[in-house]
Amino acid sequence: MTIIVTGGAGFIGSNFIFHMMEAHPDYRIVCLDCLTYAGNLSTLAPVMDKPNFRFVKESITDRDAVYKLFEEEHPDIVVNFAAESHVDRSIENPEVFLDTNIKGTAVLMDACRKYGIQRYHQVSTDEVYGDLPLDRPDLFFTEETPIHTSSPYSSSKAGADLLVLAYHRTYGLPVTISRCSNNYGPYHFPEKLIPLMIANALNDKPLPVYGKGENVRDWLYVEDHCRAIDLIIHKGRVGEVYNVGGHNEMKNIDIVKLICKELGKPESLITHVADRKGHDMRYAIDPTKIHNELGWLPETKFADGIKKTIKWYLDNKEWWETIISGEYQNYYEKMYGNREEVKA
Ligand SMILES: Cc1cn([C@H]2C[C@H](O)[C@@H](COP(=O)(O)OP(=O)(O)O[C@H]3O[C@H](C)C(=O)[C@H](O)[C@H]3O)O2)c(=O)[nH]c1=O
């Protein structure tokens with residue numbers, strides 16, 4: 001079995017590669033990644049020299065490069081993690097999101113049609129459903145919830161999902177889609193809430209909470225997400241969408257306070273800053289379908305997962321310090337340095 005994992009030098013993709021190399025040591029894993037700011041080759045160091053692993057530095061938007069790779073590798077499965085994923089960046093500059101997330105998906109699926117494939121899997125997001133109100137804790141996203149996006153990021157992911165389902169209906173491409181809630185864990189790029197707050201707290205820098213920090217996210221440990229995708233590509237029904245979530249809803253402000261507590265840092269570091277434009281209020285997933293059909297359940301409780309994650313960032317300072325001191329620093333200053341402090 002040969003699997004092409006796109007975006008494998010990023011957060012969830014790299015964790016998926018580690019998971020697959022361990023769970024299926026007889027598989028050949030080919031990582032296709034163009035190493036944007038969020039991709040990091042050092043992350044893949046533990047598998048780089050394995051005989052059943054290959055890294056290819058190309059973009060999923062490069063049709064010739066993708067076709068060449070398919071000719072060389074004859075993949076049985078493609079799992080597409082490659083995406084521009086940061087909502088704030090999509091608000092600043094939507095174009096690259098359309099290019100990578102929509103066009104890149106089309107190029108990959110065209111290659112699958114041309115060369116044949118057992119399964120094309122699209123890694124999507126619960127953000128395609130928009131958001132839920134805070135005063136209706138009884139509501140959850142199911143696979144039947146209408147698409148209703150808020151940001152250029154989520155719109156690009158929804159566009160890609162629709163394209164994937166269209167390729168299934170029109171060309172009979174054997175596809176599946178997973179829509180997951182917020183992930184956390186090792187190798188999470190320090191522009192996202194949890195790793196950013198850990199890194200800033202460790203450096204005694206302000207912790208920029210958007211608005212009041214009342215927004216709710218449904219957090220899932222990344223390894224649980226990887227197990228879900230492993231199950232879907234092997235046992236999921238073709239043409240289906242599976243929601244993946246941990247029933248673990250937390251307010252942003254509570255997460256930031258928890259990080260302060262775990263690191264022994266004062267809550268006075270918390271700085272309320274101007275809210276994200278179009279900020280989604282609450283995400284909450286109903287994972288009944290994947291549980292009933294594939295027997296998937298999250299295994300890591302948030303209380304344990306956040307401790308493991310914090311320990312990983314303490315033990316791997318070099319990984320994230322290199323990132324925040326490099327090119328990313330300019331972006332960080334622009335995004336957060338100038339964010340106006342507001343009253344909570
Ligand atoms: C970076 C940052 C974020 N926030 C808030 C904004 C959100 O309410 C929450 C999480 O933000 P983050 O940007 O980490 O993640 P989401 O916007 O929920 O989106 C993430 O989860 C979904 C499923 C994906 O599909 C996205 O790819 C992924 O980035 O914290 C702050 O208050 N301060 C900050 O500095």
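Just so you know, ligand 1 is whichever comes first in the structure, and atom 1 is the first atom listed for that ligand. Just so it is clear, the structure is predicted and the values come from calculations on it, not from any experiment.
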No-hydrogen, no-angle side-chain donor-acceptor test under 3.5 Å, Y129 and N243 = yes
Does a donor on one side chain sit under 3.5 Å from an acceptor on the other, for K157 and S85?
-> no
Rest of the hydrophobic cluster containing V238 (Ile/Leu/Val/Met/Phe/Trp/Tyr, side-chain heavy atoms under 4.5 Å)?
-> none
In terms of ring plane angle, is the pair [X] and [Y] parallel, tilted or perpendicular, where the classes change at 30° and 60°?
| X | Y | result |
| --- | --- | --- |
| F16 | H19 | parallel |
| F141 | Y283 | tilted |
| F140 | H247 | perpendicular |

[X]: numbered ligand 1 atoms lying under 4.0 Å from its heavy atoms:
| X | result |
| --- | --- |
| H279 | 6 (C), 7 (C), 8 (O) |
| E191 | 1 (C) |
| V209 | 32 (O) |
| Y283 | 18 (O) |
| P208 | 31 (C), 32 (O), 33 (N), 34 (C), 35 (O) |
| T125 | 22 (C), 23 (C), 24 (C), 25 (O) |
| H86 | 13 (O) |

Counting heavy atoms only, which of [options] comes nearest to [atom]?
| atom | options | answer |
| --- | --- | --- |
| atom 32 (O) of ligand 1 | F189, Y184, Y210 | Y210 |
| atom 17 (O) of ligand 1 | R179, R276, K192 | R276 |
| atom 27 (O) of ligand 1 | S181, S85, G213 | S85 |

Is it the side chain (CB and beyond), the backbone, both or neither of [X] that lies under 4.0 Å from ligand 1, heavy atoms counted?
| X | result |
| --- | --- |
| L193 | both |
| D126 | side chain |
| L196 | side chain |

So is R113 actually on top of Y120's ring, under 6.0 Å and inside 45° of the axis?
-> no
Stepwise salt bridge (Lys or Arg N to Asp or Glu O under 4.0 Å) test for K235 and E293 = CA-CA 9 Å; K235 297 190 180 142; E293 279 190 27; over 6 Å; no
F189 and ring pair (Phe, Tyr, Trp, His ring centres under 6.0 Å): which partner among F11, W320, Y313, Y37?
-> Y37
